[in-house]
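Accompanying notes for the structure given below.
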Amino acid sequence: MIITITDDFDLKKIADSGQCFRFNEVTGTGTGDEGASCRRYSVAAGSRHVFVKELGQNRYDFDCSEDEFETFWKRYFDLDLSYSEIRGRIDQKKDPYLFSASQYGKGIRILRQDPWEMLISFIISQRKNIPAIKASIEKLCALAGDVICEDKVCGKIYSFPTPSQLSRLSMEELSGCSLGYRDKYVHQAALDVASGAVDLEAWRELDDDGLMENLLKLFGVGVKVANCEILFGYHRLDAFPKDVWINRVLDTRYPDGFPFDDYAPYNGVMQQYLFFYSRSEGMQ
DNA sequence: AGGCAGGTTCTTA
DNA sequence: TAAGAACCTGCC
């Protein structure tokens, strides 16, 4: 399924943007030739998986049917929203730092990921670096998920465990996934959602304050994780998670406060540019 | 060896 | 209500 995408769309930047943990560049083609110049990415989301190849000239090869692209991946990549238009709201003279960050991060999009998968992923993320987060999540998937794809280069690829699957893991199995003290948070979240006590899908109907309030009641979820869940799990693009990197940027570049009013309702997109930029250059 | 990594909870005042 | 300590684990 070959698609042309003219709006901001950079798979490498999305993979490295820190919003997703099962989205990776595949090194090596498996077949030996052909792909030296075209990058290939493995994208796992819930119980779905796709390989995407960059063909150049804004063309991409999605390794799936047209139907699956139209009904799932198009929405997943948020292809109905113009990120170049959102970027265009940034005034170079008024905010040169954010402008530079957005030039650098051009191509980042906010994926429409699953609230359950994001909740567990960001609970795990606390006080961990990205490679460690990814390693824990892959262990969880291999332990409790189903095989959804088998590839010569990547081997077996697993679905993200359902709440029920995850709730059936013992604490011993969970701690085998290098979760550390977060094991009890993950276990409790799985029980809450599997039992129906927490209905993440129903929470889509809540307003921003109500959603935040409910998320903060979850064991192991504080303000930062809740904001990541709201931005990445519920795709509410005005959420602005503040982690150590963003706080450093705000302290040094915006001592008088970040101009949230200028960018509403897309402050979360700006957060992604700032985050990506600050991390890439070691924050100067 | 000690500090730190995309925080949160628990304990004290 | 607010500041400080404790927390698993892996990697410099």
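Below, chain A is the first sequence line, B the second, and so on; all start at residue 1.
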Inset, instruction - Ignoring the backbone of A/Trp245, work out which of B/dG7, B/dG6, C/dC8 is nearest its side chain. - result: B/dG6
Inset, instruction - Look at all strands and tell whether A/Ser121 reaches a base, only sugar-phosphate, or nothing, counting heavy atoms closer than 4.0 Å. - result: nothing
Inset, instruction - Please work out if A/Gly18 contacts a base, only the sugar-phosphate, or nothing of the nucleic acid, heavy-atom cut-off 4.0 Å. - result: base
Inset, instruction - Could you please name the option among C/dC8, B/dG6, C/dG10 that lies closest to any side-chain atom of A/Arg127? - result: C/dC8
Inset, instruction - Check whether any side-chain N or O of A/Arg248 sits under 4.0 Å from OP1 or OP2 of B/dA5, and answer yes or no. - result: yes
Inset, instruction - For C/dA6 versus B/dG6, give the span between their P atoms, rounded off to a whole number of Å. - result: 23 Å
Inset, instruction - Tell whether A/Tyr185 reaches the base of B/dG7 with its side chain through a donor-acceptor pair below 3.5 angstrom. - result: no
Legend entry - d(CG, A/Asp183; C1', B/dG7) in whole Å: 16 Å
Inset, instruction - Please report, rounded to the nearest Å, how far the C1' atom of B/dT8 is from the CD atom of A/Glu229. - result: 16 Å
Legend entry - Nearest-nucleotide comparison on DNA chain B, the residue closer to the 5′ end among A/Gly220 and A/Gln271: A/Gln271
Inset, instruction - Report yes if a side-chain nitrogen or oxygen of A/Ser178 is closer than 4.0 Å to either non-bridging phosphate oxygen (OP1 or OP2) of C/dG10; otherwise report no. - result: yes
Inset, instruction - Provide, to the nearest angstrom, the distance between the CG atom belonging to A/Leu216 and the C1' atom belonging to B/dT8. - result: 11 Å
Inset, instruction - Ignoring backbone atoms, test whether A/Arg279 places a side-chain nitrogen or oxygen under 4.0 Å from the OP1 or OP2 oxygen of B/dG6. - result: yes
Inset, instruction - Searching all strands shown, indicate the nucleotide that pairs with B/dG2 (Watson-Crick or G-U wobble; both distances under 3.5 Å). - result: C/dC12
Inset, instruction - Tell which nucleotide pairs with C/dA2, taking only Watson-Crick or G-U wobble pairs whose two distances are both under 3.5 angstrom. - result: B/dT12
Inset, instruction - Remember a base hit wins even if backbone is also touched, and classify A/Leu218 as base, sugar-phosphate or nothing at under 4.0 Å, heavy atoms. - result: sugar-phosphate
Inset, instruction - Please work out if A/Asn129 contacts a base, only the sugar-phosphate, or nothing of the nucleic acid, heavy-atom cut-off 4.0 Å. - result: sugar-phosphate
Inset, instruction - To the nearest Å, give me how far apart CZ (A/Phe240) and P (B/dG6) are. - result: 17 Å
Inset, instruction - Measure from NZ on A/Lys217 to P on B/dT8 and round the result to the nearest Å. - result: 17 Å
Inset, instruction - Classify the side chain of A/Lys224 and the base of B/dG7 as holding, or not holding, a donor-acceptor pair under 3.5 Å. - result: no
Inset, instruction - Please state the C1' separation for the pair B/dA5 and C/dA3 - nearest whole angstrom. - result: 22 Å
Inset, instruction - Rounded off to whole Å, could you give me the CG-to-P distance for the A/Leu179 and C/dC8 pair? - result: 12 Å
Inset, instruction - Give the rounded distance in Å between these two atoms: CD1 of A/Ile246 and P of B/dG6. - result: 12 Å
Legend entry - Ring centre gap for A/Tyr263 and A/Phe258 strictly below 6.0 Å: yes
Inset, instruction - May I ask you to check whether A/Asn24 and A/Ser42 show a side-chain donor-acceptor distance below 3.5 Å? - result: no
Inset, instruction - Cation-pi check, A/Arg22 to A/Phe160: give yes when NZ or CZ is under 6.0 Å from the six-membered ring centre and within 45° of the ring axis, no otherwise. - result: no
Legend entry - Side-chain donor-acceptor contact under 3.5 Å, A/Gln165 with A/Asp146: yes
Inset, instruction - Answer with yes or no whether the side chains of A/Asn267 and A/Gln271 bring together a donor and an acceptor at under 3.5 Å. - result: no
Inset, instruction - Take atom CZ of A/Phe122 and atom P of B/dG6, then tell me their distance rounded to the nearest Å. - result: 12 Å
Inset, instruction - Tell me what A/Gly180 touches on the nucleic acid: a base, only sugar-phosphate, or nothing, going by heavy atoms under 4.0 Å. - result: base
Legend entry - Presence of salt bridge, A/Arg40 and A/Glu25, under 4.0 angstrom: no
